[in-house]
Protein chains: 2
Amino acid sequence: MLVKECVPPVNKFVSRTHTCGELKIQNIGENVQLCGWLEYSRTKKFLILRDSYGSTQLIIPEHRIDLQEMAKNLTFESVLSIEGKVLKRPKGQENKHMETGDIEVEVKSLKVLNMAKSTMPFIIREYNKAKEDTQLKYRYISLRYPELQKNLRLRSDVIMKIREYLIRECNFVDIETPTLFKNTPEGAQEFVVPTKIPGQFYSLVQSPQQFKQLLMVGGFDRYFQIARCYRDEKPRHDRQPEFTQLDIEMSFVDCEGIMELVENLLAYSWPEESGELTVPFKRMKYEDVMKLYGTDQPDLRIPQQLIFHLCRLTELIDHSILKQNLKMEQNENLEVYALVFSQKHNSFTTSIKDTISKLQRTYFPSVKLIQTKIPNTSAITNIIEGNVQQKLNLREGDVLFLACGEKVHTQSLLGKIRLEFANFLENKNQQIRTSKNELLWITDFPLFSFNTETNSLETMHHPFTRPHSDDLQYLTENPLKVRGLHYDLVMNGFEIGGGSIRIHESKLQQEIFKMLNIDESPLMHISDALESGAPPHGGIAIGLDRLICLLCNTKNIKNVIAFPKTMAGRDLMSGAPVPISEEIKKLYHIQTVEIK
Amino acid sequence: MLVKECVPPVNKFVSRTHTCGELKIQNIGENVQLCGWLEYSRTKKFLILRDSYGSTQLIIPEHRIDLQEMAKNLTFESVLSIEGKVLKRPKGQENKHMETGDIEVEVKSLKVLNMAKSTMPFIIREYNKAKEDTQLKYRYISLRYPELQKNLRLRSDVIMKIREYLIRECNFVDIETPTLFKNTPEGAQEFVVPTKIPGQFYSLVQSPQQFKQLLMVGGFDRYFQIARCYRDEKPRHDRQPEFTQLDIEMSFVDCEGIMELVENLLAYSWPEESGELTVPFKRMKYEDVMKLYGTDQPDLRIPQQLIFHLCRLTELIDHSILKQNLKMEQNENLEVYALVFSQKHNSFTTSIKDTISKLQRTYFPSVKLIQTKIPNTSAITNIIEGNVQQKLNLREGDVLFLACGEKVHTQSLLGKIRLEFANFLENKNQQIRTSKNELLWITDFPLFSFNTETNSLETMHHPFTRPHSDDLQYLTENPLKVRGLHYDLVMNGFEIGGGSIRIHESKLQQEIFKMLNIDESPLMHISDALESGAPPHGGIAIGLDRLICLLCNTKNIKNVIAFPKTMAGRDLMSGAPVPISEEIKKLYHIQTVEIK
């Protein structure tokens, strides 16, 4: 039977008449049927029934001793179905903090659908007080917490909007690609999956990169997928062994095309409650962003009036003075950068100083860092005289950081100090960041970086990124000068996506493989595909878990995933991963090796 | 920049003005830019340019010797970008078989975006002539074949419609659940994934069954997911190691609710080109469908006027005669069924007879099968006299099959014969099946079956299926009499989905585990969840690969999957699965065991 149009979407095919979040003044007098969880009860008469959509107060009439007896024995979180009549709450008893706070439902019949045990690990309202391990172990209870309900529903909404935009507004095709594939040369550590063929393994894809390019070769000129990806990387707070990315690829497109598409896509899908979004996004070149912020993921919500950006001093400083004062080895690649915190921030305590010193020692031991308060009395006075003094416009009370070393490290150290200081101030309840969302494209990345340890070229992103046409001339002679047609998308200081125009010519691809020392043989299908009529193409991947985190304004990625694993990759609910039987190992021709 | 509304969806963010499938009479005189693949060329002057949307004829003007020179050297499947003017084709040269057959585009400029090699493994138009291995190896070329383009686009469309219906019309939430999980007791063979913790493995989920139920416990009362699932089962023609199912679960619902939802959902998502769909679907009980068709996946497109259904004779036949004539052992569970092919089918050749004999010998050796033509002269004459003769209404020329044995085997054998015969006739170009789609719910399955080999109860579907309330009384005494609240959805003779109302009470679940000899300890989280306020709930899973096959009217599942694997689970394009390095094995503490 075709469903009647008059039933609201949320109640189609079930017997309730309303959810627990919707009854209002205008429903007074109606007979309703509700289903939900007993959140709270008092004096056998008042019950709070909760479902995914809200809570409703139930009242058991004085004369219904039978129902009062039932209510007395109900455990919290038991599942109930009730029928009753909507009443206006008595004057003065309205609850403004409750969507349904103007009404209550007088219970006529009550059915216990399932009694909950009396020893629940935590009360839903106090979810936040439970230890994370407990929250994860009892995830099926945690999910009732309104914030998690809200986040996962917002996730579903945003992803649906993304699909609508891509399919309905832009004629993209949603195509599923395999996850059981072959190990990728380069790239992240991939999980392996043994097969019944002895010694042969699938790898779980770290992204649909190869497939999306092959789809372009196959003529699907506008592809997307909400793709499950897998990486077995080192544990990190915001990392899960499996994650989801919005994967997009187009043929006959240039950087501009992809960036415009993404801007329009996000503008279309942006939830109202996630704050303002300005389109088009800002754009900066990698070189500039590193120079100013010491990171390629700058948080532009930190205003420069409050915390100034980095300042390059390399050419203003006499390197011999530097050498003398900082005891640096002579090195023509030496760069000097300054970062000044104005005297307004007179909160430069020992704790932040310690954090900064530790940062330098742990991550940038090769960079010399000087920290001083103006007026300074130390040996560096002569460094910061004249031009430098003028450029930095130092004033009494300012705190100055001077860093000297290899370029990227020097920039990065000061960039991290800048961020640490902003966070430090915010933790002290000083409002630093503006509330507006800051989205930023980073472009003009170098195609390669140079690994001094292995003495070899490495790709900054992946080996399929197309070099900038203007820079093809440098490919052999000066590869580090070659820019890639790559773009990263940064939101509020986090990278949420990245992509590139890809190499579509077989010859160029082979050359890049060679320069990167990548064995082409496991990638023969790619080389052959590029020879078989590959259109120019490019795309992007957007990390959905991270994006949804930012849209939900939560820092913990576990708050936007239904069943997350711990940092160590364990599912505390089921205990996975677990030992498997010898029989299964035999089936897959594997044996566990003892650790020596 | 927000995109201009006037650009058609398919051309947004790229520089072409039209696709190769859309230019018509009304475009004559327009200057256009097209991108595509060179499908064909002749006399240096006529080119056919193809993209995902169609083909367009290009014409190079007489005086453009430069372009003619270029055209001469182009290989088929090279990627071109052209600018030109739309002209009306000269009278008599229109092509009615081509969407763009009324026009041609006079080329003004031509750019070779990527030259294809001259030795392509096959011509796109002749894709069907290539061997399947070749098609799969060069999947990135195969995908250009219009039928594959059409199928994958239809797949994307149908899935989008499904999402729209569930989210927009029914308030469902799309929730992603993990694929790296723990091995399931019971169920299909699951792939295992070693971790960096020695001896501990994830399993790839065979379905989100546990998660969907836990989501219900967690208060998400309307969940769905287009879920990737994994099974490492025996190779079969229509089976892939990874596959996709539409996974649905609801709280506070009964069988009716789920069935109505699915009917409305399919009606909403049904593509026009896939033929008629009648809602509501037919319904039959398991008992009845087995009795009539000898299968729980009957193809109702085979009309009974042409091929009659099975006929139960057990009670009409004197078992002593049976015993004597068929040399069956005495067995009170013996069933006798007949299947009659009317004399109209005088095409009962040796080949179909052989097929049937083989069927019986291979799959149903315990069933006695007699085949005879009326009037028969064999020893069974006395069996089919009197009542039987009357019931079957046998006429001269009819072919009669009489099967005798254990109930399900007897029914199944005749069911398979019925189907074989229908296929046989269709292969001989006799139209048997009607063209209307036949969707059918099968209900009232038994909850358990009895495995005579292990002498133990087995679940007909899975251990979470709820017993029919009316039958709870038989649970201890006569469990085989208990029906499960399970429903299968059958389309045109194929099971496309199945689901059930689940057990929501911990006690009942434990009892069922015990009856099925399932160790509860790895499922403690399920038992605990059922004790923590689990609502009554139920759902369904629909096999999307199979459904899309039926909608695309293709029998080969590889025709609706972008990058399918062979029956043996191999990706012929990349070669996966492949050996992995010793280093990786060490990382995961595994070793390959030699076969002895």
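Lettering follows sequence order; numbering is per chain, from 1.
Exactly one of B/Arg144, B/Arg16, B/Arg50 qualifies for a salt bridge (charged side-chain N to carboxylate O under 4.0 Å, His left out) with A/Asp221. That residue is B/Arg16.
For the pair A/Ser532 and B/Glu77, the minimum side-chain heavy-atom distance is 4.5 Å or more. Counting heavy atoms from C-beta on, the side chains of A/Ile197 and B/Pro577 come closer than 4.5 Å. B/Pro198 places none of its side-chain heavy atoms less than 4.5 Å from the side chain of A/Val593. The closest side-chain heavy-atom distance from A/Gln200 to B/Val578 is not below 4.5 Å. Considering only heavy atoms from C-beta on, B/Phe201 comes within 4.5 Å of A/Thr592 through its side chain. Under the 4.5 Å side-chain criterion, counting only non-hydrogen atoms from C-beta, A/Phe181 is in contact with B/Asp571. In this structure, the side chains of B/Leu143 and A/Leu215 come closer than 4.5 Å at one or more pairs of heavy atoms.
For chain B, the nearby part of A/Lys585 is the side chain; its heavy atoms alone come within less than 4.5 Å. Of the atoms belonging to B/Met216, it is backbone heavy atoms, and not side-chain ones, that fall under 4.5 Å from chain A. At a 4.5 Å heavy-atom cutoff, the contact between A/Leu204 and chain B is made by side-chain atoms alone. Heavy atoms of B/Leu214 lying under 4.5 Å from chain A belong to its backbone as well as its side chain. Contacts of B/Arg228 with chain A are made by side-chain atoms alone, with heavy-atom separations under 4.5 Å and no backbone atom involved. Neither the backbone nor the side chain of B/Leu38 comes within less than 4.5 Å of any heavy atom of chain A. Heavy atoms of A/Ile590 lying under 4.5 Å from chain B belong to its backbone as well as its side chain. Contact annotation for A/Gln225: only side-chain heavy atoms (C-beta onward) come within less than 4.5 Å of a heavy atom of chain B. Residue contact with chain B, scored on non-hydrogen atoms closer than 4.5 Å, involves the side chain of A/Leu587 exclusively. For A/Tyr268, no part lies near chain B; criterion is any non-hydrogen pair under 4.5 Å. With a threshold of 4.5 angstrom between heavy atoms, B/Pro535 approaches chain A through its backbone and through its side chain. Contacts between B/Ser574 and chain A at a heavy-atom distance below 4.5 Å involve backbone atoms as well as side-chain atoms. With a 4.5 Å cut-off on non-hydrogen atoms, B/Met573 touches chain A through its backbone and its side chain both. With a 4.5 angstrom heavy-atom cutoff, B/Tyr145 does not touch chain A via any of its atoms. Both the backbone and the side chain of A/Ile580 come within less than 4.5 Å of a heavy atom of chain B. Neither the backbone nor the side chain of B/Ile526 comes within contact range of chain A, judged by heavy atoms closer than 4.5 Å. With a threshold of 4.5 angstrom between heavy atoms, A/Leu261 approaches chain B through its backbone and through its side chain. With a 4.5 Å cut-off on non-hydrogen atoms, A/Phe76 does not touch chain B at all. There is no contact between A/Met259 and chain B, counting heavy-atom distances below 4.5 Å. Only the side chain of A/Thr195 comes within contact range of chain B, with heavy atoms under 4.5 Å apart. Only the backbone of A/Met115 comes within contact range of chain B, with at least one heavy atom under 4.5 Å from a heavy atom of that chain.
Between B/Trp37 and A/Phe252, the angle of the ring planes goes over 60°, which puts this pair in the perpendicular group of the 30/60° scheme.
The cationic group of B/Lys565 lies under 6.0 Å from the six-membered ring centre of A/Tyr202 and within 45° of the ring axis, placing it in a cation-pi geometry.
In this structure, B/Lys12 contributes its side chain and A/Glu169 its backbone to a donor-acceptor pair below 3.5 Å. Judged by distance alone, the side chain of A/Arg163 and the main-chain N or O of B/Met160 form no donor-acceptor pair under 3.5 Å.
Classification of A/Asp528 and B/Lys117 as a salt-bridged pair holds, one side-chain N sitting under 4.0 Å from a carboxylate O. Residues B/Arg155 and A/Glu176 are paired through a salt bridge, judged by an N-O separation under 4.0 Å between the basic side chain and the carboxylate. Classification of A/Arg153 and B/Asp174 as a salt-bridged pair fails, no side-chain N sitting under 4.0 Å from a carboxylate O. Ion pairing between a basic and an acidic side chain is recognised when a charged N comes within 4.0 Å of a carboxylate O; A/Glu164 and B/Arg168 show such pairing.
Across every non-hydrogen atom of A/Phe563 and B/Pro178, the tightest pair is O-CG, 3.4 Å. What you find for B/Ser156 and A/Ile167 is that their closest heavy atoms are OG-CD1, 4.1 Å. The minimum heavy-atom distance between B/Gly533 and A/Ala116, with the atom names listed, is N-CB, 3.8 Å. Taking each heavy atom of B/Arg222 and A/Val10 in turn, the nearest pair found is NH1-O, 2.8 Å. Taking all atoms of both residues into account, the shortest heavy-atom contact from A/Asn114 to B/His504 is ND2-O, 2.6 Å. Nearest heavy-atom pair, A/Phe220 versus B/Leu148, reported as atom, atom and distance to 0.1 Å: CZ-O, 4.1 Å.
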For B/Asp232 and A/Tyr588, what are the C-alpha separation, side-chain angles and deciding distance, and is it a side-chain contact (heavy atoms from CB on, under 4.5 Å)?
-> CA-CA 11 Å; B/Asp232 193 16; A/Tyr588 291 117; 2.6 Å; yes

Dump the intermediate steps for side-chain contact (heavy atoms from CB on, under 4.5 Å) on A/Ile258 and B/Phe13, then the final yes or no.
-> CA-CA 7 Å; A/Ile258 298 286; B/Phe13 315 112; over 6 Å; no

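Checking A/Glu242 against B/Thr179 by side-chain atom types alone, a donor-acceptor pair falls below 3.5 Å.
Listed options A/Leu530, A/Val192, A/Leu523, A/Leu80 were ranked by heavy-atom pairs under 4.5 angstrom with chain B; first place goes to A/Val192. Annotation: maximal heavy-atom pairing with chain B below 4.5 Å, among A/Gly218, A/Gly199, A/Pro564, occurs at A/Gly218. Counting heavy-atom pairs closer than 4.5 Å to chain B, the top residue among A/Pro536, A/Ala562, A/Ala568, A/Ser78 is A/Pro536.
Rounded to the nearest 0.5 Å, atoms OG (A/Ser251) and CG (B/Asp51) are 10.0 Å apart.
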